[in-house]
Amino acid sequence: VITLTTDFGLDAPFVGIMKGVILARLPQARIIDLTHQIEPYWPAEAGFWLARAYGWFARGTVHVAVVDPGVGTARGILGAAAAGHVFLAPDNGLLAPLLAAHPQALVVRLGEGVSTRLGVTQVSSTFHGRDLFCPAAAELAAGRCTLTDLGEPVTAWAASAVGPPSTAGAQIDGVVIAIDRYGNLISNIDAALLTGLDSPLVWAAGRALRLARTYGDVARGELLALINSSGVVEVAVREGSAAAVLGMARGAPVTVQDGARIAGAPGR
Amino acid sequence: VITLTTDFGLDAPFVGIMKGVILARLPQARIIDLTHQIEPYWPAEAGFWLARAYGWFARGTVHVAVVDPGVGTARGILGAAAAGHVFLAPDNGLLAPLLAAHPQALVVRLGEGVSTRLGVTQVSSTFHGRDLFCPAAAELAAGRCTLTDLGEPVTAWAASAVGPPSTAGAQIDGVVIAIDRYGNLISNIDAALLTGLDSPLVWAAGRALRLARTYGDVARGELLALINSSGVVEVAVREGSAAAVLGMARGAPVTVQDGARIAGAPGR
Amino acid sequence: VITLTTDFGLDAPFVGIMKGVILARLPQARIIDLTHQIEPYWPAEAGFWLARAYGWFARGTVHVAVVDPGVGTARGILGAAAAGHVFLAPDNGLLAPLLAAHPQALVVRLGEGVSTRLGVTQVSSTFHGRDLFCPAAAELAAGRCTLTDLGEPVTAWAASAVGPPSTAGAQIDGVVIAIDRYGNLISNIDAALLTGLDSPLVWAAGRALRLARTYGDVARGELLALINSSGVVEVAVREGSAAAVLGMARGAPVTVQDGARIAGAPGR
């Protein structure tokens with residue numbers, strides 16, 4: 001199984017071409033789209049989803065993530081092995097959330113000779129998904145090469161432009177890292193960060209929200225916060241769009257306080 | 001073969017995660033997307049498409065439909081076997097069109113112990129597509145369980161918020177149940193309801209239209225009505241968008257009269 | 001492998017139904033979406049992408065392209081064999097770029113009896129993708145019939161509404177043939193047409209742009225032109241949308257001049 005995560009969209013056949021390249025090398029590959037609607041040029045969202053989604057796939061899956069504004073420049077390409085899965089992505093911070101959660105991961109930077117090793121005769125300067133990532137993924141999935149065949153192990157890589165949430169006392173400061181089709185505002189605040197709070201209060205666009213269990217717990221059109229199915233704090237409107245109601249976009253701040261202790265809006 | 005129909009969209013990796021869950025249980029599953037662009041929170045459209053699309057798949061296919069605003073509340077989950085196919089959906093009226101067409105269908109309501117039966121250790125309160133529907137679909141498709149293993153047969157279920165068209169004399173009152181990418185207005189009025197009419201006249205937004213055979217029968221930019229490839233009355237603009245031209249949305253009324261007998265706009 | 005290219009979008013289950021029809025005939029078929037977001041009713045874009053994408057698939061692949069405003073009218077259906085691949089499309093100019101590049105291609109027009117030959121008992125007048133194209137593709141991919149079983153060879157077919165770029169002296173006049181999710185303006189001007197130019201200068205919406213190698217060669221928000229991964233001239237904005245910045249849509253003119261020789265805006 002190979003998964004694909006990009007910001008390519010589905011308007012042009014770029015994703016289809018990547019699948020053609022994989023199938024030409026590994027006809028029996030099962031290729032699953034995670035999403036191709038990542039916010040353009042924003043690797044942070046791709047890294048978030050990848051770290052939250054890969055665990056639902058069987059061990060041995062190869063995950064390709066290409067949100068790559070620096071394609072064709074000197075930026076590197078990383079391969080990583082963690083938790084029995086393999087990951088390929090540009091070295092632009094995309095893999096940061098995953099690697100932070102897996103300090104024992106093997107990480108390699110693909111070497112100069114990788115195109116030769118993969119038998120790719122011509123590498124474009126604008127579509128490495130087709131010319132490097134998918135050939136590498138197919139060869140790895142086929143068992144015809146290993147990560148260390150493709151590059152040297154490294155211990156440093158680019159940080160994400162969006163850091164993990166910061167915690168100060170009983171306040172956790174995160175951001176909206178993704179917005180789904182419903183307009184739900186998905187933050188990068190993991191539920192585990194809330195364990196010390198007696199009564200979590202979620203602030204978004206000046207509104208304070210208590211945690212509900214599911215959307216149906218409030219009336220239609222009402223705002224709520226909850227721990228969603230990805231294990232993070234989410235702000236939603238029942239059968240409506242929190243993004244539209246609150247006028248919030250990706251990168252907007254989301255803060256959690258201990259409602260039992262603090263009553264005012266959070267300083268930030 | 002397993003088909004998926006949801007209102008999840010493709011912005012977030014929810015659909016990809018569902019496929020990962022299926023493949024982890026049944027690596028040889030063939031998974032086909034019907035659509036993930038159902039009008040959010042509107043099971044009626046999903047039920048319409050499911051009833052009109054399933055017959056194009058081979059017998060034995062398992063169809064999963066998750067348009068589920070009540071996820072995590074007390075609403076049940078239905079499994080149904082009809083015409084050699086298997087269907088899974090929340091008990092919110094989604095399956096009503098299908099079950100109305102198949103009065104002999106076996107229908108079960110998934111029981112309390114279903115997560116144990118499926119080996120699911122943790123069920124979220126917001127993503128039953130991942131935690132219940134897809135595990136059940138994979139086990140059913142694999143032949144490792146049957147519908148009656150998952151729940152007790154029932155004879156009553158939720159009605160759809162959108163009922164079937166009403167017929168009074170020579171007038172049939174339906175609604176726009178779906179709009180495709182072209183802006184074609186697809187009604188829930190089956191062609192069979194028109195058999196008694198000498199000269200069907202389709203009313204939409206105050207316009208009366210005779211039935212054409214195909215889009216090319218009228219000039220570019222002209223309105224027409226036809227019986228479409230799903231067997232229902234559709235209002236279209238040749239190489240244009242009827243939704244835009246008429247300003248109509250899902251749920252808007254569409255009426256058919258016998259043009260040989262009645263000349264004025266329909267009362268409603 | 002069978003690829004699908006349409007303007008059907010993903011809102012309705014039309015694409016899913018086509019896959020069901022293929023799998024019912026050929027359960028082991030691998031079906032890859034090139035794109036279903038072709039500009040509605042504009043075969044030129046589909047023909048462009050098909051000609052640029054097919055080569056990334058293994059020989060023997062069957063490519064189905066349905067952008068078909070004339071469905072159900074007297075327009076024909078073409079099958080073609082070129083470069084070891086098979087193509088099916090309406091005879092509306094869609095295949096013109098491909099056939100211009102492959103003058104030795106075998107081209108057939110599907111005959112009157114094709115539905116009988118395919119065992120299709122009822123052909124709708126609005127969805128030949130389901131009723132003719134996919135059954136034919138499945139039978140061809142299965143090796144149960146050949147192109148000449150389905151129709152007579154022909155030597156003439158419809159031209160594309162968008163012709164190839166015209167060349168006059170050191171000036172090449174093309175158009176925007178596609179726009180991707182980033183808003184990159186993709187022209188139909190092949191890189192080979194620029195070989196005679198000392199210093200190509202790309203004109204779009206009154207702006208003159210020198211060729212860059214990749215997006216990262218200019219500052220964020222700056223316009224650039226380049227030869228893209230499909231081998232054609234593209235106008236882009238680094239980490240932005242050239243379509244929005246320049247206000248250009250499909251069909252808009254793109255011109256290349258020899259910047260070493262000509263300094264003013266091109267006449268057209």
Side-chain angles (χ1 to χ4, degrees), chain A residues 1 3-5 7 9-10 15 28 30-39 45-46 48-61 63 65 85 177-184 186 212-217 220 224 226-231 234 236-241 243 250, chain B residues 2 4 6-33 35-43 66-75 90 92 120-135 138 161 181:
Chain A
V1 178
T3 80
L4 304 178
T5 303
D7 63 347
L10 300 174
V15 172
Q28 69 272 35
R30 302 299 307 270
I31 310 170
I32 301 294
D33 302 304
L34 282 184
T35 173
H36 301 290
Q37 310 281 9
I38 295 294
E39 178 79 2
E45 183 184 359
F48 170 80
W49 280 127
L50 195 58
R52 300 279 161 177
Y54 82 89
W56 297 99
F57 289 81
R59 291 167 70 90
T61 299
H63 304 271
H85 294 248
I177 195 78
I179 300 178
D180 65 19
R181 187 188 183 218
Y182 305 103
N184 295 328
I186 299 167
R213 198 183 53 85
T214 190
Y215 308 107
D217 288 349
R220 283 194 180 78
L224 71 149
L226 48 68
I227 304 298
N228 71 11
S229 61
S230 302
E234 171 181 314
V237 167
R238 179 177 171 190
E239 298 185 28
S241 166
R250 285 170 180 80
Chain B
I2 295 173
L4 305 178
T6 77
D7 63 348
F8 294 170
L10 301 174
D11 303 299
F14 303 139
V15 171
I17 289 170
M18 292 205 301
K19 294 176 180 173
V21 168
I22 292 171
L23 291 179
R25 289 173 176 262
L26 183 61
Q28 69 270 35
R30 304 297 308 270
I31 310 170
I32 302 294
D33 302 303
T35 174
H36 301 289
Q37 310 283 8
I38 295 294
E39 177 80 1
Y41 318 119
W42 208 47
V66 190
V67 179
D68 193 9
V71 61
T73 67
R75 71 94 185 84
N92 60 14
V120 176
T121 52
Q122 197 164 2
V123 176
S124 72
S125 53
T126 56
F127 194 1
H128 287 184
R130 177 191 71 191
D131 302 334
L132 293 174
F133 287 97
C134 283
R181 187 186 182 221

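So that the names make sense, note that chain A is the first sequence line, chain B the second, and so on, each numbered from 1.
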Decide yes or no for B:L10 and A:H36: does some side-chain heavy atom of the first lie under 4.5 Å from some side-chain heavy atom of the second?
-> no
Side chain to side chain, A:R181 and B:P40, heavy atoms closer than 4.5 Å | yes
Which one of B:Q37, B:K19, B:R75, B:M18 has the most heavy-atom pairs closer than 4.5 Å to chain A?
-> B:Q37
For each of B:T73, B:I22, B:D131, B:I17, tally heavy-atom pairs with chain A at distances under 4.5 Å, and name the one with the top tally.
->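 Highest number of heavy-atom pairs under 4.5 Å: B:I17.
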Residues two or more places apart in sequence or in another chain: which of them pass side-chain contact (heavy atoms from CB on, under 4.5 Å) with A:R213?
->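 Listed in chain order: A:D217, B:S125.
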Could you measure the distance from the [atom1] atom of [X] to the [atom2] atom of [Y]? Nearest 0.5 Å is fine.
X: B:L23; Y: A:F57; atom1: CG; atom2: CZ; result: 7.5 Å
X: A:D33; Y: B:D33; atom1: CG; atom2: CG; result: 8.0 Å
X: B:R30; Y: A:R30; atom1: CZ; atom2: CZ; result: 6.0 Å
X: B:Q122; Y: A:S229; atom1: CD; atom2: OG; result: 11.5 Å

Which residues share a side-chain hydrogen bond (donor to acceptor under 3.5 Å, both in side chains) with B:R25, sequence neighbours left out |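 Residues passing side-chain hydrogen bond (donor to acceptor under 3.5 Å, both in side chains) with B:R25: B:E139.
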Heavy-atom distance under 4.5 Å to chain B: side chain of [X], backbone, both or neither?
X: A:L4; answer: neither
X: A:A178; answer: neither
X: A:L50; answer: neither

Begin from the C-alpha positions of B:F127 and A:N228 and carry the test side chain to side chain contact (heavy atoms under 4.5 Å, CB included) through to its verdict.
-> CA-CA 8 Å; B:F127 194 1; A:N228 71 11; over 6 Å; no
For residues [X] and [Y], report the shortest heavy-atom separation together with the two atoms involved.
X: A:I32; Y: B:G16; result: CG2-O, 3.8 Å
X: A:G240; Y: B:Y41; result: O-OH, 3.2 Å
X: B:A12; Y: A:D180; result: CB-CB, 4.1 Å

Would you mind checking which part of B:A74 comes under 4.5 Å of any heavy atom in chain A, side chain (CB onward), backbone (N, CA, C, O), both or neither?
-> neither
Yes or no on side chain to side chain contact (heavy atoms under 4.5 Å, CB included) for B:D11 and A:I179, after CA distance, side-chain angles and deciding distance?
-> CA-CA 8 Å; B:D11 303 299; A:I179 300 178; over 6 Å; no
Using atom types as modelled and distance alone, determine if a side-chain donor or acceptor of A:Y215 lies under 3.5 Å from a backbone N or O of B:G72.
-> no
